[in-house]
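Hydrogens, waters and symmetry mates play no part in the numbers below; they use all other heavy atoms, side chains included.
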Amino acid sequence: MKKIKNLSEGSFLKLLFGFLAAAFLAAAVCMPDRAQMFTGLWQILSQPSKISTNYFALGGYAATFLNMGLVAVIGLLLFIVFHGTPNNASNLAFILTLGFGSWGINILNIWPTIFGVMIYGLVKKEKMGGLVNAMLFSTGIAPLITDLLIRYPHAETVGFNLAGLGIALLVGFLIGFFLPAGLANSPKVHKGFDLYSAALPIGMTAFFLNGTLFKTMGVALPAAPDASTLQVASAPIANIFCCLLFGACIVFAFALGCKPRDYWQLLKDPRLVTNFSSTYGNAVFLMNLGVFGLFILGYYNLIGATFNGVTFGIVFCMLATCNSGSHPGNVWPIMLGYAAASVVFGWLSQLAGGTFAMALNAQAICVGLCYANGLSPIADKYGWHCGFIAAVMHYLLVTSVPTLHGGYCLYNGGFTAALICIILVPELEKFAKEKVAAK
């Protein structure tokens, strides 16, 4: 433990990534349907994956865990092969990509955009190690790659074909090639208040391609998965796995020397801190990973969410910000805002004679809350009440945004968060008081 405690941030994160990959691969062979693990994985690879595709229904539990574990292995290998040094942004990119391994990303549809980022690196003569984060973030549009591979320009799946391969590679290469510039510019747009910063360029790219490949070409947009598939779920599998994983993180954090008062310091720090591992140390960051993970899991249990592949995945998509600024102390206002909005607008819908479909445990709202979490810097800088307002605004927009990108941007809620920042942050700068003076 002493050697692990003294590891640099980058080395510690690589070790963590390896631990997460091993946990998912081990879980795959423990699933009750492990005999169908590889046939299930083929189903995941060969069928559409636009939001929100439940891999538990598409391929089964074992295949989903296997896919997530292999996606994690690929992410780790990219850092190892290209000698990349992970940081807090890498932690976000890795765990976010891992989370989508249960409802949109697979070990096949990630490669065209990853290769596109590699081509950018070769053309611009940049080191590949510094581009691994961009490679991982580029997979946020992976469902489009799958559709191009197996059904474009048809509404129904026709299977793998040469023309589909060609257009998927071309589009993927272009996305990956131009993404790094967008990633670098994105924080200037939302001013650092959207932790899912990569969502803005990915969302705008998906918006543009939806208009280009479908609307302009007169090609019908393929339908989203049938809502009935989301009923294939298992609360015991999700809860047992997450409790064991996050519990292990807490135990290891204590073993590495993290004390309760150390973690309390992180929770009550009035500063806007966006890198926990470098600011508080690896042990405190690992404690936040475990505690925040259980906090998220508890929330979804409390509201009665259906633990399908999508809900299981968003636990990790939300947890991805655990090293970039989010913790229970600044996320609870976001959760409260979503809860209040659900109650108020449910009541208003009844008065207006509307059909209310945005209950707190509705699938789209569960996913939306995951990414509203990215607005936690607003609560940090301007207070919990401003975080509450940002959450309400996010709740109102998040289910409308998929119309823009056609269901191909996995970072839909993060893209929505960026739009909220564009609307809200200038007003906060004019009318709201900061919790502490800027440093």
Side-chain angles (χ1 to χ4, degrees), residues 88-89 92 181-205 207 266-276 279 318 320-345 347-348 358 365 368-405 409 411-439:
N88 61 319
L92 193 154
L183 291 175
N185 190 65
S186 181
K188 299 174 186 176
V189 178
H190 57 73
K191 298 188 176 183
F193 286 95
D194 180 9
L195 296 180
Y196 297 103
S197 186
L200 183 58
I202 290 290
M204 292 304 297
T205 300
F207 181 18
L266 180 150
L267 294 178
K268 69 182 184 68
D269 195 332
R271 298 175 298 166
L272 179 58
V273 179
T274 57
N275 191 331
F276 293 154
T279 303
M318 190 170 179
T321 59
C322 66
N323 198 14
S324 303
S326 290
H327 54 72
N330 60 18
V331 170
W332 71 262
I334 310 294
M335 293 177 169
L336 184 62
Y338 253 63
S342 178
V343 171
V344 171
F345 284 94
W347 174 68
L348 291 175
M358 295 176 63
I365 299 305
L369 183 278
C370 161
Y371 293 98
N373 155 74
L375 294 167
S376 57
I378 291 178
D380 258 344
K381 188 167 185 177
Y382 292 106
W384 72 268
H385 54 291
C386 291
F388 177 93
I389 293 170
V392 172
M393 294 176 66
H394 193 277
Y395 170 93
L396 295 174
L397 284 188
V398 71
T399 57
S400 299
V401 172
T403 305
L404 299 177
H405 55 73
C409 174
Y411 302 161
N412 177 73
F415 183 38
T416 307
L419 298 180
I420 298 303
C421 289
I422 292 171
I423 298 169
L424 181 62
V425 170
E427 306 305 322
L428 293 177
E429 291 176 341
K430 288 292 184 181
F431 298 106
K433 293 181 179 180
E434 296 182 18
K435 287 170 60 177
V436 293
K439 294 183 180 181

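- To the nearest 0.5 Å, the span separating CG on L375 from OG1 on T416 amounts to 9.5 Å.
- Interatomic distance, K381 NZ to S376 OG, rounded to the nearest 0.5 Å: 14.0 Å.
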Between V401 and F415, is a side chain to side chain contact (heavy atoms under 4.5 Å, CB included) present by the stated rule, with each step listed?
-> CA-CA 8 Å; V401 172; F415 183 38; 3.6 Å; yes
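- With hydrogens and angles disregarded, a donor-acceptor distance shorter than 3.5 Å links the side chain of Y395 to the backbone of M358.
- In this structure, Y382 OH and L424 CG are separated by 9.0 Å, a value rounded to the nearest 0.5 Å.
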Cut-off 3.5 Å, no hydrogens considered: what does the side-chain donor-acceptor table look like for residues 328-341, sequence neighbours left out?
| from | atom 1 | to | atom 2 | distance (Å) |
| --- | --- | --- | --- | --- |
| N330 | OD1 | H327 | N | 3.0 |
| N330 | ND2 | G325 | O | 2.7 |
| N330 | ND2 | H327 | NE2 | 3.4 |
| N330 | ND2 | D380 | OD2 | 2.9 |
| W332 | NE1 | G329 | O | 3.1 |
| Y338 | OH | G368 | O | 3.3 |
| Y338 | OH | H394 | ND1 | 2.7 |

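- Considering every non-hydrogen atom in both S400 and L396, the closest pair reads OG-O, 4.4 Å.
- Between A432 and C386, the shortest heavy-atom contact is CB-SG, 4.3 Å.
- Y196 OH to N412 CG: the interatomic distance, rounded to the nearest 0.5 Å, is 12.5 Å.
- In terms of heavy-atom proximity, G387 sits nearest to I378 at N-CG2, 4.0 Å.
- Atom-to-atom distance recorded for L183:CG and L200:CG is 9.5 Å, nearest 0.5 angstrom.
- The side-chain heavy atoms of M393 and L419, taken from C-beta on, include no pair separated by under 4.5 Å.
- Across all non-hydrogen atoms, the minimal contact from D194 to A418 is OD2-N, 3.3 Å.
- Side chain to side chain, N373 and T321 meet the donor-acceptor criterion of an N or O pair below 3.5 Å.
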Test log, rule side chain to side chain contact (heavy atoms under 4.5 Å, CB included), inputs H405 and M204 = CA-CA 8 Å; H405 55 73; M204 292 304 297; over 6 Å; no
Where do T399 and I365 land on the side chain to side chain contact (heavy atoms under 4.5 Å, CB included) test, with the steps shown first?
-> CA-CA 8 Å; T399 57; I365 299 305; 4.1 Å; yes
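- For N275 and N88, the side-chain atoms include at least one donor-acceptor pair closer than 3.5 Å.
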Evaluate the side chain to side chain contact (heavy atoms under 4.5 Å, CB included) criterion for residues V343 and W347: first the C-alpha distance (whole Å), next the side-chain angles of each, then the deciding distance (0.1 Å), finally the verdict.
-> CA-CA 6 Å; V343 171; W347 174 68; 5.7 Å; no
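- Taking OG of S197 as the start and NZ of K188 as the end, the distance is 11.5 Å to the nearest 0.5 Å.
- Across every non-hydrogen atom of F207 and L404, the tightest pair is CD1-O, 3.1 Å.
- Scanning all heavy atoms of the two residues, the minimum distance from L195 to L92 falls at O-CD1, 3.3 Å.
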